[in-house]
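Atoms within each ligand, like the ligands themselves, are counted from 1 in listed order.
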Amino acid sequence: MDKKVLVVGGGGRCHAIVKALKRSPRVGKIFCAPGNAGIAEDAECVAIGVEDVDALVKFVGENGIDMTVVGPEAALAAGLVDALEAAGHKAFGPTKAAARIESSKEFAKQIMKRHGVPTAGYEAFDDFDAAWEYVKNRPLPAVIKYDGLAAGKGVVVALSYEEAEAALRDMLLDASFGKGRVVVEDFLDGPEFSFMCVVSGRKVYPLAMAQDHKRAYDGDKGPNTGGMGAYSPVPFVTEEVRATALRDIMQRTADAMADEGVPFKGVLYGGLILTADGPKVIEFNARFGDPETEVVLPRLKSDFYDLVEAAVDGRDCATEWSPEAYLGVVLASKGYPGSYKKGVEIKGLDKVDAEVYHMGTKRDGDRILTAGGRVLMVVGKGKNIAEANEAAKAEISKIDCPELFHRTDIGKASLNQL
Ligand code: AMP
Ligand code: GLY
């Protein structure tokens, strides 16, 4: 009961990480930078931004922090883990070089190609004319990805050539996207699922499966978002599919990164798709998924701090999982993932009898206000997904805020399967 932990981040994922650490008998004190209004009930929030590497390293040194758990990709890409380790501190998360598995789509694709990790075929372009020439001579849908961090929003699955051309223009000719490089991929078909594994070099400790819902509206309509809801377990991922994904994708990628001199430590998130030819990679992330973490970590019965420490120290660690189902629905600001209002009061939270993870909120005296695109995630639990869904729906109905919307079909693919 003596470990001091700093969690870096301020969304629902970090709230779930904080709650999981709080359940560990080994953890005495949890800080969160910068945290948010919900996290403040479970950790001491400190006002340092996730990319303020110098201030974070200083805080860790001055407060005798035993372990820093890094949530968001921006902190990894800013080199937070490198800086902490250089100063002699323990950090859970990949180095900046290893985090390129997420921050550069092309780096990820090259690793997969060289090591035979199943994924869609691709070509990379930085010239608009060459990219458009390639795309217009291929079948639709065209999958066009911006090569850089875009918070899950830099991907267009174009159903028409007009849409494909517009996406290429945006990404390669419009300065607002930055340096301008795209990856054009073969279209893969099948249900998607998220397989997060804690990785320590060649050691892979699989976490429970989850499924995210990326599109903004019911029926998988509308623009891609950071994720509108998730559930765990995922019944269509059979033990056989899981074993294949673990061996041919997650373990092979961990080994590939070690072989290439960029060993991975932290959470390797496989965004996978179950095609007729088996599971393939859609994308890798170098961190816990959001909103998947909010439905996966509550199922972990063994000590989360132990797992984090085992990965950092490179030792083995067994995990134990609850068979219960968790299903979480994101309440987002109307307009998200485009522009939206902020500062709108959320009422009724005190009546909710379920875990509520704060994704983008702010406290103003006694009031909780909206402060982001994704605002809250309400997680129901039950002995199966249908029960967890009912629980989430009943609790959401108690929340009163005219500026929020949510999907009503989270978990639909699995409601009758378990
Ligand atoms: P990503 O940010 O790479 O995960 O892509 C966002 C979403 O776009 C994914 O969740 C998929 O639904 C879709 N997508 C990305 N790549 C492909 C692909 N090669 N084939 C089909 N759909 C894709
Ligand atoms: N839920 C997808 C992500 O974390 O990127």
Review point. Run the ring pair (Phe, Tyr, Trp, His ring centres under 6.0 Å) check on Y134 and F125 step by step: do they pass?
Key: CA-CA 10 Å; Y134 177 77; F125 299 92; 5.1 Å; yes
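- Cation-pi geometry between K342 and Y340 is not satisfied (NZ or CZ under 6.0 Å from the ring centre, within 45° of the ring normal).
- Using a 30° and 60° split on the angle between ring planes, H15 and Y357 fall in the perpendicular class, above 60°.
- Between the choices N285, I144, V157, the shortest heavy-atom distance to atom 13 (C) of ligand 1 belongs to V157.
- Using a 4.0 Å cut-off between heavy atoms, R287 contacts ligand 2 through its side chain alone, with no backbone atom that close.
- At a 4.0 Å cut-off, not a single heavy atom of R215 sits close enough to ligand 1 to count as contact.
- Of all atoms in ligand 1, listed by their number and element, those nearer than 4.0 Å to a heavy atom of K214 are 4 (O), 10 (O).
- The contact set between ligand 1 and K105, taken as ligand atoms under 4.0 Å from a residue heavy atom, comprises 2 (O), 3 (O).
- Every atom of ligand 2 is numbered from 1 in the order shown, and the set under 4.0 Å from a heavy atom of G289 is 4 (O).
- Close contacts between ligand 2 and D212 involve ligand atoms 1 (N), 2 (C) [criterion: under 4.0 Å to a heavy atom].
- Per-residue contacts place G226 under 4.0 angstrom from the following atoms of ligand 2 (heavy atoms of the residue considered): 1 (N), 2 (C).
- Within the listing of ligand 2, atoms 1 (N), 2 (C) sit less than 4.0 angstrom from a heavy atom of E292.
- V281 pairs in a side chain to side chain contact (heavy atoms under 4.5 Å, CB included) with only one of the listed residues (I249, I273, D248, T253), which is I249.
- E355 has a carboxylate O that lies under 4.0 Å from a charged side-chain N of K19, or vice versa, which qualifies the two as a salt bridge.
- Among K145, K280, E283, E185, the residue whose heavy atom sits closest to atom 15 (C) of ligand 1 is K145.
- Ion pairing between a basic and an acidic side chain is recognised when a charged N comes within 4.0 Å of a carboxylate O; E324 and K383 show no such pairing.
- The shortest N/O to N/O separation between L188 and ligand 1 falls below 3.5 Å.
- Atoms of ligand 2 lying under 4.0 Å from at least one heavy atom of N285, given by number and element, are 3 (C), 5 (O).
- In the displayed structure, K334 atom NZ is contacted under 6.0 Å by more than 12 heavy atoms of other residues, nucleotides or ligands.
- Taking a cutoff of 4.0 Å between a charged side-chain nitrogen and a carboxylate oxygen, K22 and D42 qualify as a salt bridge.
- Contact annotation: for V155 versus ligand 1, heavy atoms closer than 4.0 Å belong to the side chain alone.
- Contacts between N224 and ligand 1 below 4.0 angstrom, taking non-hydrogen atoms only, involve the side chain exclusively.
- For the pair R100 and F107, the cation-pi test (distance below 6.0 Å, angle within 45°) is passed.
- At a 4.0 Å cut-off, at least one heavy atom of D186 sits close enough to ligand 1 to count as contact.
- Considering backbone and side-chain N/O of D290, one or more are found under 3.5 Å from N/O of ligand 2.
- Under the 4.5 Å side-chain criterion, counting only non-hydrogen atoms from C-beta, V182 is in contact with L172.
- Taking 4.0 Å as the cut-off between side-chain N and carboxylate O, E390 and K393 do not count as a salt-bridged pair.
- Listed by atom number, the atoms of ligand 2 under 4.0 Å from P291 heavy atoms are 1 (N).
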